[in-house]
2 protein chains.
Amino acid sequence: MTAPPVSTSPEPSASSAHAILDAAEQLFAAHGFTAVPIKEVAAKAGVNVALIYYYHDSKEALYRHVIERFVGELVRRVSAQLDAAPDAEQAIRAVTRAQFEMLSSKPHFPKLIVRELVDYQAAHAVGVLRELGASLFRRLAGIIREGQARGTFRPDLDPNFAAFSTIAQLPYFFIARPALGVLALGDARPFDDSTAVDFARHAGDFAVAALRPTSTG
Amino acid sequence: MTAPPVSTSPEPSASSAHAILDAAEQLFAAHGFTAVPIKEVAAKAGVNVALIYYYHDSKEALYRHVIERFVGELVRRVSAQLDAAPDAEQAIRAVTRAQFEMLSSKPHFPKLIVRELVDYQAAHAVGVLRELGASLFRRLAGIIREGQARGTFRPDLDPNFAAFSTIAQLPYFFIARPALGVLALGDARPFDDSTAVDFARHAGDFAVAALRPTSTG
DNA sequence: GTCTATAGGCTGATAGAC
DNA sequence: GTCTATCAGCCTATAGAC
């Protein structure tokens with residue numbers, strides 16, 4: 001999870017390349033693409049501005065590379081969790097758990113994703129989103145559909161919609177987190193980490209509860 | 001809902017003031033605060049740049065005024081829907097319905113809200129968010145808590161969390177909408193309006209299903 | 001209230017030395 | 001690979017005429 005020690009003989013530069021991507025990822029997530037001058041990326045990465053243009057054709061290309069890198073990691077992590085789930089209900093919980101691990105280990109991820117979604121019209125990451133969709137979203141929807149066929153899940157919910165309602169909870173929680181203290185408590189203090197842990201468990205519970213057949217019908 | 005005809009005798013300027021706010025609202029939502037030059041706001045509003053500084057102290061002040069205006073309207077609309085709901089289950093559906101009406105009548109709203117949330121740390125709208133929280137979120141959580149006390153809702157879910165899971169669905173749907181076609185269908189074409197109507201109904205169903213007691217426990 | 005004209009700073013990007 | 005030096009353009013904001 002931490003940056004691995006890089007081979008020091010032929011390409012002593014690879015660490016700079018990583019540093020640039022890391023700095024850009026954090027800054028773009030925190031303040032947005034246009035709000036961050038490359039000068040600032042360079043400063044945070046501890047390199048010169050010109051070096052960024054050595055690795056990337058333009059500021060926008062840098063942004064695209066950042067998006068591609070982190071969406072790739074997101075796909076890998078969640079896929080691994082899904083592979084290990086024994087049944088449909090466990091799979092639902094596995095998805096929210098994987099989301100939580102991802103979001104809390106890299107707290108700026110949801111911001112980046114959401115910024116990308118909001119700016120989508122103008123945007124960069126279509127190919128990368130297609131990959132994300134194929135490997136994750138459709139897989140989750142398929143699991144729900146299967147559960148419905150076997151009778152463990154209620155049949156009246158649309159599987160695509162249910163999948164979306166399931167995955168929407170945690171990203172939106174992390175985005176809204178700074179405002180949540182105000183919303184729920186009338187207080188400016190943001191929720192602490194244990195609240196996030198609790199909400200992650202809740203998100204699994206909520207989705208499973210929605211998918212189970214009801215007594216009242 | 002449309003701009004009301006303004007008194008034309010003493011202040012013929014009020015229409016310019018409105019035009020500026022309208023233009024800024026749309027542009028900031030579509031492209032973000034830093035990405036939009038005031039020059040562009042002026043052009044879209046059909047006025048001169050200097051006039052914007054006549055009404056607003058700075059670009060950031062203009063942004064704050066935009067946020068305050070539309071959050072006020074959001075609060076008013078959702079409150080009205082909640083007032084009319086006869087019972088807890090209807091109230092849940094009323095919230096998602098009000099969200100849907102708001103979001104589809106002003107499609108750029110969720111973008112603005114989310115941008116504001118993402119940029120929150122640096123941010124502007126604390127007071128306005130507190131108002132939103134008091135009148136809407138806590139009211140919804142209270143309704144859920146009441147339903148639990150009466151036995152119509154399952155008691156094991158946290159009322160605040162359940163309220164959040166409920167309201168997260170629709171904003172996130174509208175934000176992710178341009179990507180949804182890709183996610184679900186592997187196709188770049190975005191969902192049409194009837195899909196949004198269907199999802200709004202689903203969001204109510206999903207939340208109510210999650211809150212009802214289950215047969216399996 | 002509304003405009004024209006303009007200042008001054010910062011930004012993305014490149015050329016070229018090492 | 002990495003840096004120094006530099007430019008042209010755009011951006012926020014103001015002064016002042018009408």
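The chains referred to below are lettered A, B, ... by the order of the sequence lines, with proteins before strands, and numbering in each begins at 1. Being a predicted model, the structure only gives us computed values, none of them experimental.
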Partners of A:Arg93 by side chain to side chain contact (heavy atoms under 4.5 Å, CB included), sequence neighbours excluded?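 Partners of A:Arg93 under the side chain to side chain contact (heavy atoms under 4.5 Å, CB included) test: A:Glu89, A:Arg97, A:Asp205, A:Val208, A:Arg212.
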Listed by chain and number, what are the side chain to side chain contact (heavy atoms under 4.5 Å, CB included) partners of B:Val78, not counting sequence neighbours?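 Only B:Leu74, B:Ala98, B:Leu136 meet the side chain to side chain contact (heavy atoms under 4.5 Å, CB included) criterion with B:Val78.
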Minimum-distance nucleotide (side-chain atoms of B:Lys59 versus D:dT2, D:dA13, D:dC11):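 Of all the options, the side chain of B:Lys59 is nearest to D:dA13.
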Which nucleotide in the list C:dG12, C:dT2, D:dT12 gets nearest to the side chain of B:Pro37?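 Ranking C:dG12, C:dT2, D:dT12 by closest atom to the B:Pro37 side chain puts D:dT12 first.
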Restricting to nitrogen or oxygen on both sides, can you table the protein-nucleotides 3-7 of chain D pairs closer than 3.5 Å?
unit_1: D:dC3; atom_1: OP2; unit_2: A:Asn48; atom_2: N; d: 2.9
unit_1: D:dT4; atom_1: OP2; unit_2: A:Asn48; atom_2: ND2; d: 3.1

Kindly state each residue pair satisfying salt bridge (charged side-chain N to carboxylate O under 4.0 Å, His left out) with at least one member in residues 24-36 of chain B, sequence neighbours excluded.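 Only B:Glu25-B:Arg69, B:Glu25-B:Lys106 qualify under salt bridge (charged side-chain N to carboxylate O under 4.0 Å, His left out).
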Taking only residues at least two apart or on different chains, which pairs with a member in residues 26-46 of chain A satisfy salt bridge (charged side-chain N to carboxylate O under 4.0 Å, His left out)?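 Listed by first then second residue: nothing to list.
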Is it true that A:Asp193 and A:Arg177 make a salt bridge, defined as a side-chain N closer than 4.0 Å to a carboxylate O?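 Salt bridge flag = yes for A:Arg177 with A:Asp193.
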Decide, yes or no, whether a salt bridge links B:Arg201 with A:Asp158 under the criterion of side-chain N to carboxylate O below 4.0 Å.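 No, no charged N to carboxylate O under 4.0 Å.
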Length of the [atom1]-[atom2] vector between [X] and [N], whole Å:
{"X": "A:Leu62", "N": "C:dG12", "atom1": "CG", "atom2": "C1'", "result": "12 Å"}
{"X": "B:Leu27", "N": "D:dT12", "atom1": "CG", "atom2": "P", "result": "12 Å"}
{"X": "A:His56", "N": "C:dT14", "atom1": "NE2", "atom2": "P", "result": "14 Å"}
{"X": "A:Phe33", "N": "C:dT11", "atom1": "CZ", "atom2": "C1'", "result": "12 Å"}
{"X": "B:Ile20", "N": "C:dG1", "atom1": "CD1", "atom2": "P", "result": "12 Å"}
{"X": "B:Glu60", "N": "D:dC11", "atom1": "CD", "atom2": "P", "result": "18 Å"}
{"X": "A:His18", "N": "D:dG1", "atom1": "NE2", "atom2": "P", "result": "13 Å"}
{"X": "B:Ile38", "N": "D:dA13", "atom1": "CD1", "atom2": "P", "result": "5 Å"}

Within the structure, does a side-chain N or O atom of [X] lie under 4.0 Å from either OP1 or OP2 of [N]?
{"X": "B:Ser16", "N": "C:dG1", "result": "no"}
{"X": "B:Tyr53", "N": "D:dA15", "result": "no"}
{"X": "A:Tyr54", "N": "D:dT2", "result": "no"}

Do any side-chain atoms of residues 168-175 of chain A form donor-acceptor pairs under 3.5 angstrom with protein atoms, and if so which ones, sequence neighbours left out?
unit_1: A:Gln169; atom_1: OE1; unit_2: B:Ser165; atom_2: OG; d: 2.7
unit_1: A:Gln169; atom_1: NE2; unit_2: A:Thr166; atom_2: O; d: 3.3
unit_1: A:Gln169; atom_1: NE2; unit_2: A:Ala203; atom_2: O; d: 3.3

Counting the atoms with a prime plus P, OP1 and OP2 as sugar-phosphate, which does B:Val41 contact under 4.0 Å by heavy atoms, base, sugar-phosphate, or nothing?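 Contact class for B:Val41: none.
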